Amino acid sequence: MRAPSRRLVVGGGALTVFFALSVSATGQGKPTVKAPELPGDLRTQPRLDAWIRVGADGRITIFTGKAELGQGLKTAILQIAADELDAPLDQLDLVTADTGLTPNEGVTAGSHSMQDSGAAIRNAAANVRWLLIEAAARRWSAEPQSLATGHGTVRASDGRSLAYGELASGLDLSVDARPAVPPRPRGGGPIGQDVPRVDIPAKLAGGQAYIQDFRPPGMVHARLVRGPSYGTALGEADIAAVRAMPGVIAVVQKGRFLAVVAEGEWQAIQAQQRLQAAPSRSTATRPDDIHSWLLSAPAQVEVILDRGGAEGARTASAAYTRPYLMHGSIGPSCAVAQAKHGELTVWTHSQGVFPLRKAIAQLVGLPPEKVRCRHMEGAGCYGHNGADDAAGDAALIAMAVPGRPVRVQWMRDQEHGWEPLGSAMVARLSASLTPEGRVASWRHDVWSMTHSTRPQEAGRLLAGQEVDPPFQAPPPRPIPMPEGGGDRNAIPLYAFPTARVAYHFVPEMPLRVSALRSLGAHMNVFSIESFVDELALLADEDPVAFRLAHLDDSRAHDVINAAARSFGWQAWRRSHGRGRGFAFARYKNLAAYCAVALELEVEPVTGEVWLGRVVSAVDCGQAINPDGIRNQIEGAIVQSLSWSMLEQVGWDADRRTSFDWSAYPILRFPALPQSVEVEVIDRPTEPFLGVGEAGQGPAAAALANAVADATGKRLRDLPLTAEKVKAAMG
Amino acid sequence: MRRVSRNPALAVVLVGGALAISAWAAENPIASKGQGLVAIGGCQGCHTANSGAPFAGGRAFETPFGTIYSTNITSDRDHGIGGWTEADFERAMTRGTGPGGKRYYPVFPYPHYALASREDIAAIWTYLRTIPAAATEAPPNHLLPPFNVRSLLAGWEALYLHPKAPEESGLDVQARRGAELIAGLGHCGACHTPHNRVGAEDAARPLTGAMAEGWYAPPLQGDSPAPAPWTAEDLETYLRTGLSDHHQAAAGPMGAVTAELAQAPESEVRDMAIYLSGLMSQAKHPAPVDQAQAAERTHPEGAQLYAGACASCHDVGSAMLRIGRPSLAVGTPLHEDRATDVIMIILKGLKSPEGKAGPDMPPFANSFTDDEVTELSAYLRARFSREPAWKDIQSAVRAARKGVT
Amino acid sequence: MTTLHLNGAVRSVSSAQDTPLLYVLRDELGLNGAKFGCGLGQCGACTVLLDDRPIFSCVTPLGSVGDRVVTTVEGLGTEAAPGRVQKAFEAEQAAQCGYCIAGMIVRAEALLRKTPKPSERGIRAALAPNLCRCGTHMRILRAVRRAAGTPA
């Protein structure tokens, strides 16, 4: 089983899966496929030296077009590369997303990095290792098959060895990867180990870890001057007074785009506040009731599943809603840009430096090759937040202050007011049951605005919309299945004999929206898994058993059984005010499997929910770094509980009203669960799958199911606030 | 699993059909009315310890006479009022006497509750019986002699000048109801009416402003120092949300009051607002001013502190003012006759209930020295009011510090 | 010029007196630990110690610091020689994006200086002013327990 199955993973065996992904990866802004037989993003960039270079000093540099977002990407990529190269981790260096250095891997999103970049680098590393063996074989006039590797050296059976660095001069990596090369014998490498994250030590001790900490010599500070939120415009500002303020270098005005540049950051902030004292007006119409509006707005309807068959006798239906949600990064968006000798460099925490480069080139009127976008880590973004806009802002200002690096950081109210939100959504579900209590038919309709307005064009950057004349934003388009956008995870994984699922895509967007971690999966899994519980109740069956009875995927069975076992589902003792909830999903129906079980207690007087134990099981194929996976799932669960219990963006006729953390509260320590446990089911022979977005949907639904279990009342409108719980209980 | 986020010392055991009883409350109109009146009476705020079960008591009250803990008023038979009769409850509410003849300390505002109608008290009783039993024993009181002798309270009772029922002539039906709630269940006088040396309210000067829990509860009648008139509409919004865009956010103990009033019936709060706004109709309103430059000349250090600590929220162009929140100039605290509230707000900040949207200001107790709080308060007074400078702010800061860790 | 007692050294800074300490630390002294998160004292990313107490450096003017001692996360240890709280965060891998973590470490340090063996409830209450958006809270709690030597 060893070598062959391994080869299958590295090479052609994974091909169908990756190929399927590539077809759907619109909105990821990737180049065209050149080598469809290769895994991951080797398909678009098959040359080995685009991914791996070996220096004469033995240092090996890995290049990934993906970015560290706090998800542990750097560590996982290094583990994969070191494992397959058979070299120690500390012999490797890593370069991440940079239009000047790395392959174009589109955006870092959708839990794709392991599939796209991890798979590519694994295969590239296997190729490089084999080329090193071949180089040594030539040196020694030996058969390559007779040689082995270990600890960054090629070894012969007679004890001779050559370090990789010594072989570098004879190595030509300007060749395309081959899909199947003899892989390293398995085991003993860093894959599957809890390797400590390489980025954490600096973050704990005040090292330079973020773009916010980047201070090139001569840097100046800029602040943007805008109305209170997207869909507002600032009136006449007192520019003359601000030009005279201490430290102010420039006020940059282009159409409605307005920014102030100062030597000191505090000086820029004070000038900004002075300019923002000008009155503002609303430029948008915002419906009072977004969910009614969604149901009546012009929509493109697409039936994404139509499995014909019979209807059952007993029927049920339910409607679920989700409000607009905010990414709410703790660190407001930041960028540094420098225009020099007709070229522009932008340091950014954008998820997609290559698409961003196109948009910025258009914005500033330079050819793309004169613009370089370099990723630097920011605070967690959780999707398309203000990062790209801040990069556009910095680029435009830098062009007006040539020579000096310009640092832009948004203020808290700008992050809250201007970031694209996660769309509000509505789902309507209905089903019928057979007399035996099995689902006979299923119907799911979901309404949503777009889940991607990521910029590849200047018109999708705030700055592009503010300059005169403004750039036009292309109309939003639905992200096609199987990944989907608002319809992500709308197709149930359950084996329902008759099922129809339709996506009502609403192109209009009264409030600015784009990709928020897990896109529509949070809402669709919340809806499906809530409704499955409602049906289990109707069928008078245990919700876990009911789920298992409708699933014919053995990996799904395994995560459900693991979560139920760790939680102690069978032995759980009921008492008044307490409830337990269960939920499950396979992210996008093609990535990681995740089940969540949790218990909670409802305070009957106030409706407050106190979270007890939360238990999860996850299967994301081969586990590269189990602790990293646990960290991601714990985070996904806690973040989703915050979304699902507390969060909703507010607005009035004039503006968004969720302008800071007081107006948009999120979960704080006192309200956290008692514990969160994650069990990782390792599948060493399966492809590795991303894991960052697998937990959000199941956590939301498990919460709703537990509230229903505790109170006997089903809440279908997120967030499940104490007020709603109290009102439901009466 | 009663969670770590609650005080383990006050661990609660829910027994017997808690949720079912609560659901029943919704279907019983009298209990439902009682629920609203309980919000007006502020019962839950006083009878719930920090992180404790609602109505299970144990909240500490620092009084001039010592520390008093609120009692458990859940339906628990042993620790709460589960074994009481309705008559027991009425006697406690109106005469401050428990079933065994035990007298309550007047931190429990029964002299006010005595002004409530029989129907209202009966409704409250009906509602409280639906509160799930919590077997929580309140800690013993720590009272300074001679106040630790309960029997002396009878003598105190004789001295006590009971709040008078408000003058109702000339009031319409809404204002009359409002007056009854303000003087009775709402017990606004417990904080806003001056107290004499033995802790009794001065019935001759109702709602003329008083110190309470280290804060100053400003006058709610013709002496109100509010710069903008308190219209009934503004007051209703303020009482129900803790925030009026024409005045200020509720701070200190008033924050807890408005958090509870958010649960009260709109019509009752409106009636209270109508009556109170009538009481304040004769108030002189100092015009809001912003004398930034003059204040900076006289208080340069205060101006610096303001610029670095306060301006990002409170000055023009800030996100908060752009969203329509009130300027410091229109809030009452800077126009009060003492610096107490301004000092307390600076030291303690404002906090909305966990997870709920609402005003939030960080505490500056750790950041500022007493001198800095003094300077900043003096600057704010000079900048945003034309009233005379406060005297001896320093002592008020020291006094306020005692209650701030 | 203003004299600042910072992380065991005396530093001279030229920022205006009204400048929030955060910008003095970051922009004039080149420290990275204290982060700009909100500028409003709502999120705790900027937390530093003033003497032994945690403050929001984003709303603490330079002029108000005086002779008091400022400690940032850099003053608690280095990558090579981490302090007790930093070690515990490393051991628990208590970071995702990590932007909030320096503030968490400083606030935890303040708690442990005042209360060496805090209760679980005490830890949660002490950390309440600090926000984390990645959902790393459970690991942060584990790290603080580990630093206190009171594993759950």
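Since this is a predicted model, take the numbers as computed values, not measurements. Sequence lines set the chain letters: A, B, ... in the order given, protein chains first and strands last, and positions in each chain run from 1.
Sorted by first then second residue, the salt bridge (charged side-chain N to carboxylate O under 4.0 Å, His left out) pairs that include residues 34-54 of chain B, not counting sequence neighbours, number zero.
Residues of residues 243-251 of chain B never come within less than 4.5 angstrom of chain A, heavy atom to heavy atom.
To the nearest 0.5 Å, the span separating CG on A:D660 from CD1 on B:I323 amounts to 8.5 Å. For the atom pair CG of A:L646 and CD of B:E354, the computed distance is 8.0 Å after rounding to the nearest 0.5 Å.
Contact record, A:V605 with B:I131: CG2-CD1, 3.9 Å, taken as the closest heavy-atom pair. Shortest non-hydrogen contact noted between A:P604 and B:P132 is CG-CG, 3.5 Å. Of all non-hydrogen atoms in B:G355 and A:P665, the two that sit nearest each other are O-CG, 3.5 Å. Residues B:P54 and A:T606 share a closest heavy-atom pair of CG-CG2, 3.9 Å.
For A:R668, the parts lying under 4.5 angstrom from a heavy atom of chain B are both the backbone and the side chain. Contact annotation for A:W266: only side-chain heavy atoms (C-beta onward) come within less than 4.5 Å of a heavy atom of chain B. For chain A, the nearby parts of B:S318 are the backbone and the side chain; heavy atoms of each come within less than 4.5 Å. Using a 4.5 Å cut-off between heavy atoms, B:M320 touches chain A through backbone and side chain atoms alike.
For B:E296, the CD atom is loosely surrounded, since the number of other residues' heavy atoms within 6.0 Å does not exceed 12.
Most heavy-atom pairs under 4.5 Å with chain B: of the set A:S575, A:S662, A:A663, A:A277, this distinction falls to A:S662. Highest contact tally toward chain B, considering only A:Q270, A:Q276, A:Q414, is held by A:Q276 [criterion: heavy-atom pairs under 4.5 Å]. Between chain B and the residues A:K726, A:R656, A:Q272, the most heavy-atom pairs under 4.5 angstrom are made by A:K726.
Legend: residues meeting salt bridge (charged side-chain N to carboxylate O under 4.0 Å, His left out) with B:K33, ordered by chain and number and at least two apart, are B:D120. With sequence neighbours left out, B:F55 forms a ring-ring contact (aromatic ring centres under 6.0 Å, His included) with no residue at all.
No donor-acceptor pair under 3.5 Å is formed between the side chain of A:R412 and the backbone N or O of B:A319.
Side chains of B:L321 and A:Q273 form no contact here, defined as non-hydrogen atoms less than 4.5 Å apart.
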